[in-house]
Amino acid sequence: MPSLSPDALAAVLDKALAPLYLIHGEETLLALEASDSLRQHARDQGYLEREVLTVEAGFDWSQLRDAMSSVSLFASLKLLEIRIPGGKPGTEGGEALQQLAANPPQDTITLITMPKLEKTQLQSKWYLALEKAAVVVEAKPVGRHELAGWIARRLKRQQQHLSPEALSFFADRVEGNLLAARQEVDKLALLYPAGELSLEQLREAVANVARFDVFHLSEAWLSGDAARVERMLEGLLAEGESPVLVLWAFTEDVRMLLRLRQGLKDGRQLRDLARELRLWGDKQRLAEPALRRIGPRKLMTALTECARIDQQIKGVANGDPWHALRGLAMLLAA
């Protein structure tokens with residue numbers, strides 16, 4: 001069955017509890033909240049005993065077989081948690097998970113938690129078996145274009161709401177730091193009554209806790225959001241990020257657009273080029289419109305500028321590389 005988002009899990013849990021759940025993904029906060037929600041629903045329906053198995057190096061998988069076959073001494077219903085923090089159960093563990101998927105224990109809800117899974121793990125026999133048998137929840141990162149909606153839904157739960165301008169301000173303050181975003185939302189419930197909150201109230205209450213990494217720069221300048229690019233570069237500089245990594249991200253994406261242009265010029269399909277150039281998610285969606293917006297001449301200028309900034313970083317050329325990176329970003333985002 002297809003993966004659910006953490007938000008969609010709540011509606012599924014309200015209907016009925018399944019015998020087997022798998023929660024995995026990159027966004028730790030959402031994965032934890034999904035797990036907590038399942039635990040609460042299980043308690044409410046009488047699953048009062050809880051057993052936790054943590055799979056680390058040297059884990060004895062016979063513990064899982066014992067847990068599946070054991071009869072509870074304390075309650076008739078049990079919640080069994082299998083935590084695999086490395087996301088790799090190994091050969092023996094993979095076989096055990098396949099057996100679990102084929103025959104989940106009676107009177108037991110089993111919850112398996114894992115971090116973000118890579119392509120090879122998603123194609124493994126054990127994952128495919130779990131995907132078929134379990135309710136699978138994937139906690140994906142909340143991107144910038146989704147963040148305002150996420151904040152609005154959280155505020156709605158506490159009967160508060162924001163104007164579009166205030167919502168955008170809030171999202172700028174907490175981008176890249178979802179745990180802090182939740183804390184700031186919770187803080188507003190303590191500070192202000194229900195209803196619409198003003199931009200002035202947000203300026204006073206919401207801390208600037210945004211966190212950025214270079215891999216989100218692509219989304220910002222490919223979409224032409226110059227203000228966001230500038231804000232991200234200021235944040236990366238303040239956090240002590242290396243200009244080498246920032247330059248690498250720019251250079252790789254400029255070269256990607258040039259290769260994409262050549263491929264399209266040769267009559268190749270965008271779908272094939274996206275796979276060859278490893279364009280996934282937002283980057284795949286934004287690449288072609290960015291190519292049309294920027295154009296080949298500006299891309300070649302940007303590539304030359306990347307070489308000059310590289311010389312600045314190495315101390316061969318004069319100038320501040322961070323200042324030059326800002327100019328490069330504005331060239332590409334304009």
Side-chain angles (χ1 to χ4, degrees), residues 1-10 12-13 15-43 45 47 49-73 75 77-142 215 275 278 280-281:
M1 61 183 71
S3 297
L4 299 176
S5 68
D7 281 345
L9 175 65
V12 173
L13 293 175
K15 294 178 181 178
L17 290 176
L20 185 59
Y21 292 84
L22 168 61
I23 298 176
H24 71 94
E26 185 176 350
E27 189 55 72
T28 304
L29 171 64
L30 299 185
L32 289 173
E33 289 183 339
S35 298
D36 286 343
S37 180
L38 174 59
R39 294 185 191 107
Q40 184 60 55
H41 276 77
R43 282 195 297 269
Q45 297 197 27
Y47 291 82
E49 184 181 352
R50 182 180 173 207
E51 183 175 359
V52 179
L53 302 178
T54 302
V55 179
E56 297 176 323
F59 178 76
D60 183 359
W61 282 96
S62 66
Q63 294 182 57
L64 175 57
R65 290 189 288 272
D66 293 342
M68 291 171 60
S69 61
S70 63
V71 177
S72 173
L73 298 177
L77 302 175
K78 178 172 73 172
L79 174 65
L80 171 62
E81 292 191 35
I82 306 167
R83 300 175 179 175
I84 310 179
K88 297 179 180 179
T91 303
E92 184 182 2
E95 293 175 354
L97 292 177
Q98 291 179 68
Q99 294 170 7
L100 172 63
N103 188 26
Q106 293 184 345
D107 298 326
T108 300
I109 292 175
T110 302
L111 167 62
I112 304 168
T113 56
M114 295 183 176
K116 178 183 177 181
L117 301 178
E118 303 299 334
K119 185 177 181 180
T120 54
Q121 294 159 290
L122 294 173
Q123 295 175 342
S124 65
K125 291 182 179 180
W126 59 262
Y127 179 82
L128 295 175
L130 290 173
E131 185 180 43
K132 185 177 180 180
V135 175
V136 180
V137 179
E138 183 177 3
K140 296 181 180 179
V142 178
F215 302 105
R275 185 165 52 248
R278 299 181 180 277
W280 319 119

Measure the shortest side-chain to side-chain distance between [X] and [Y] over non-hydrogen atoms and say whether it is less than 4.5 angstrom.
{"X": "Leu111", "Y": "Ile109", "value": "no"}
{"X": "Phe59", "Y": "Leu53", "value": "yes"}
{"X": "Gln99", "Y": "Met68", "value": "no"}
{"X": "Glu138", "Y": "His24", "value": "yes"}
{"X": "Arg43", "Y": "Leu79", "value": "no"}
{"X": "Val142", "Y": "Leu30", "value": "yes"}
{"X": "Leu80", "Y": "Leu64", "value": "yes"}
{"X": "Tyr127", "Y": "Met114", "value": "no"}

#### Entry: Qualifying residue, where the test is side chain to side chain contact (heavy atoms under 4.5 Å, CB included) with His41 and the options are Leu9, Leu17, Val12
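Only match with His41 under side chain to side chain contact (heavy atoms under 4.5 Å, CB included): Leu17.
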Measure the [atom1]-[atom2] distance between [X] and [Y] for me, rounded to the nearest 0.5 Å.
{"X": "Leu130", "Y": "Gln98", "atom1": "CG", "atom2": "CD", "answer": "8.5 Å"}
{"X": "Asp107", "Y": "Tyr47", "atom1": "CG", "atom2": "OH", "answer": "7.0 Å"}
{"X": "Gln63", "Y": "Glu51", "atom1": "CD", "atom2": "CD", "answer": "8.5 Å"}
{"X": "Ile82", "Y": "Ile112", "atom1": "CD1", "atom2": "CD1", "answer": "4.5 Å"}
{"X": "Leu97", "Y": "Ile84", "atom1": "CG", "atom2": "CD1", "answer": "5.0 Å"}
{"X": "Leu122", "Y": "Glu131", "atom1": "CG", "atom2": "CD", "answer": "8.0 Å"}

Taking the side chain from [X] and the backbone from [Y], do they hold a donor-acceptor pair closer than 3.5 Å?
{"X": "Thr108", "Y": "Gln106", "result": "yes"}
{"X": "Ser124", "Y": "Gln121", "result": "yes"}
{"X": "Ser37", "Y": "Glu33", "result": "no"}

### Task
Go through the side-chain N and O atoms of Ser62 and Asp60 and say whether any donor and acceptor fall under 3.5 Å apart.
yes
### Query
Hey, is Lys78 close enough to Glu49 for a salt bridge, meaning N to O under 4.0 Å?
no
